[in-house]
Amino acid sequence: MDGTTIVALLYDFDRTLCTQDMQNYAFIPSLGMDPEDFWREANDFGRREHMDGILAYMYTMIRKCREKGVPLTRESLRRCGESIVFFPGVDGWFDRIDRFGALLGVQVEHYVISSGLREIIDGSAIAGHFKEIYASEFYYDGSGWPVWPKLAVNFTAKTQFVYRINKGVLDVSDDRTLNASMPDDSKRVPFTNMIYLGDGLSDVPCMKMMRAYGGQAIAVYQDANRPGVEQLLRQGRVDYIYPADYSEGSGLELTVKEIIRRMAVNHRLSEEKHAQLRAVQGT
């Protein structure tokens, strides 16, 4: 332990930071389709072929672009990210939380763990605030056309990225280091210094990890998904629920700041305990 308190905020993206699925803003309209029709087709295809839902929607994106003659490149997807609409306060959230952490001597880091598309997130107005973005992504051939999933992040696969953040092994191609034994006190970000923010059932695996290992799980909601989020609270799957309002002074912001404050205190107490043990063992 080097004395630096690192707190990691882990975010789902769709309906957690932005108001709907990220493909709905620009990509699906570019196909001349309604979002409901696109998702119905993708989901029906996945069920019919017994395919993972994330792979099914990625394949459907490629197929529909070919059918309709719509360009599908990394850059075209990045441009789709420019149309994303975020919840109130998101634009200033990261700087405010970072400044608050700095006042406490805390290094705050932000991560995305999303089943959406990395390329679209990369084009969004907030992409630069994240230390790492874990999201589904295409592999592109020499002509720039997507030919294979580079990464598919389904709901249960999200948990591996929590472990990566915990150990500081952020490269998704590095499984050897990720799976190597590592003492708890040498892990870069303890689970107890993590806060996960999501919006529903797709986030339950990560929320369950937070609850099991001493981190914090927060669910945000809009009117449409409030009953489901309240059910998560009743079932003990989350610690707190709040409207998806990231504005200064909101209930969500005040609680996240109090959690960070507590994490900072706990870290300092842990450091003091270890220092005393080292002194006693050295005598």
Side-chain angles (χ1 to χ4, degrees), residues 8-28 35 38-39 42-43 46 51-62 65 72-87 90 93-94 109-140 144 146-166 169-175 178 189 194-207 209-210 220 244:
L9 273 68
L10 286 51
Y11 307 84
D12 179 38
F13 201 88
D14 294 345
R15 305 178 195 273
T16 295
L17 294 171
C18 63
T19 59
Q20 57 182 315
D21 293 335
M22 64 184 70
Q23 294 89 344
N24 294 2
Y25 296 103
F27 172 75
I28 295 175
F38 174 88
W39 292 114
N43 293 332
M51 183 183 294
D52 177 89
I54 308 305
L55 294 173
Y57 94 65
M58 294 174 76
Y59 178 82
T60 302
M61 289 179 69
I62 294 174
C65 283
L72 183 61
T73 64
R74 183 181 285 107
E75 186 53 38
S76 70
L77 290 172
R78 283 178 61 90
R79 288 195 296 272
C80 290
E82 299 172 2
S83 302
I84 290 178
V85 177
F86 295 100
F87 287 118
V90 167
W93 165 266
F94 304 98
E109 297 177 350
H110 306 273
Y111 297 84
V112 166
I113 306 178
S114 170
S115 295
L117 281 178
R118 167 74 185 254
E119 296 92 329
I120 295 179
I121 297 172
D122 279 341
S124 73
I126 63 174
H129 292 288
F130 301 111
K131 183 173 179 65
E132 187 56 83
I133 297 171
Y134 293 115
S136 303
E137 186 176 1
F138 289 111
Y139 170 75
Y140 299 84
V147 294
W148 197 260
K150 183 176 179 179
L151 187 64
V153 182
N154 64 27
F155 305 149
T156 53
K158 285 185 173 185
T159 57
Q160 75 147 297
F161 305 108
V162 179
Y163 284 113
R164 289 191 177 279
I165 295 163
N166 170 236
V169 184
L170 303 185
D171 183 350
V172 297
S173 66
D174 185 359
D175 291 331
L178 177 65
V189 185
M194 292 185 181
I195 306 170
Y196 185 90
L197 289 90
D199 69 288
L201 287 175
S202 66
D203 301 297
V204 165
C206 289
M207 291 173 170
M209 285 185 68
M210 294 297 103
V220 300

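Every value quoted in this text rests on a predicted model; they were computed, and no experiment measured them.
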A.B. asks: Sequence neighbours left out, cut at 3.5 Å: what donor-acceptor pairs do the side chains of residues 115-124 make with other protein atoms?
C.D. replies:
residue	atom	partner	partner atom	Å
S115	OG	V153	O	2.5
R118	NE	D122	OD1	3.0
R118	NE	D122	OD2	3.1
R118	NH1	E132	OE2	3.3
R118	NH1	I133	O	2.9
E119	OE2	F138	N	3.0
E119	OE2	Y140	OH	2.6
S124	OG	I121	O	2.7

A.B. asks: Output the distance between atom CZ (F161) and atom CD1 (I113), rounded to the nearest 0.5 Å.
C.D. replies: 7.5 Å
A.B. asks: What's the spacing between D12 CG and Y196 OH if we round to 0.5 Å?
C.D. replies: 4.5 Å
A.B. asks: Determine the minimum heavy-atom distance between V189 and N166, stating which atoms define it.
C.D. replies: O-ND2, 2.8 Å
A.B. asks: Are the side chain of R164 and the backbone N or O of D174 linked by a donor-acceptor pair below 3.5 Å?
C.D. replies: yes
A.B. asks: How many angstroms lie between atom CD of Q160 and atom CG of D175, to the nearest 0.5 angstrom?
C.D. replies: 7.0 Å
A.B. asks: Hey, what's the ring geometry for F130 with Y11, parallel, tilted or perpendicular (30° and 60° as the breaks)?
C.D. replies: perpendicular
A.B. asks: Measuring from M58:CE to K150:NZ, what's the distance to the nearest 0.5 Å?
C.D. replies: 11.0 Å
A.B. asks: Can you confirm whether F94 is buried at CZ, in the sense that more than 12 heavy atoms of other residues, nucleotides or ligands lie under 6.0 Å from that atom?
C.D. replies: yes
A.B. asks: So, for N24 and W39, which heavy atoms are closest and what is the spacing to 0.1 Å?
C.D. replies: OD1-NE1, 2.9 Å
A.B. asks: Sort and list the pairs that fulfil salt bridge (Lys or Arg N to Asp or Glu O under 4.0 Å) and have at least one residue in residues 15-28, not counting sequence neighbours.
C.D. replies: R15-D21
A.B. asks: Measure the shortest side-chain to side-chain distance between V162 and Y111 over non-hydrogen atoms and say whether it is less than 4.5 angstrom.
C.D. replies: no
A.B. asks: Keeping Y25 on the side-chain end and Q20 on the backbone end, is there a donor-acceptor pair under 3.5 Å?
C.D. replies: yes
A.B. asks: List in chain and number order the residues that pass salt bridge (charged side-chain N to carboxylate O under 4.0 Å, His left out) with D14, two or more places apart in sequence or in another chain; answer none if no residue qualifies.
C.D. replies: none
A.B. asks: Taking Y134 for its side chain and L170 for its backbone only, find out whether a donor-acceptor pair lies under 3.5 Å.
C.D. replies: yes
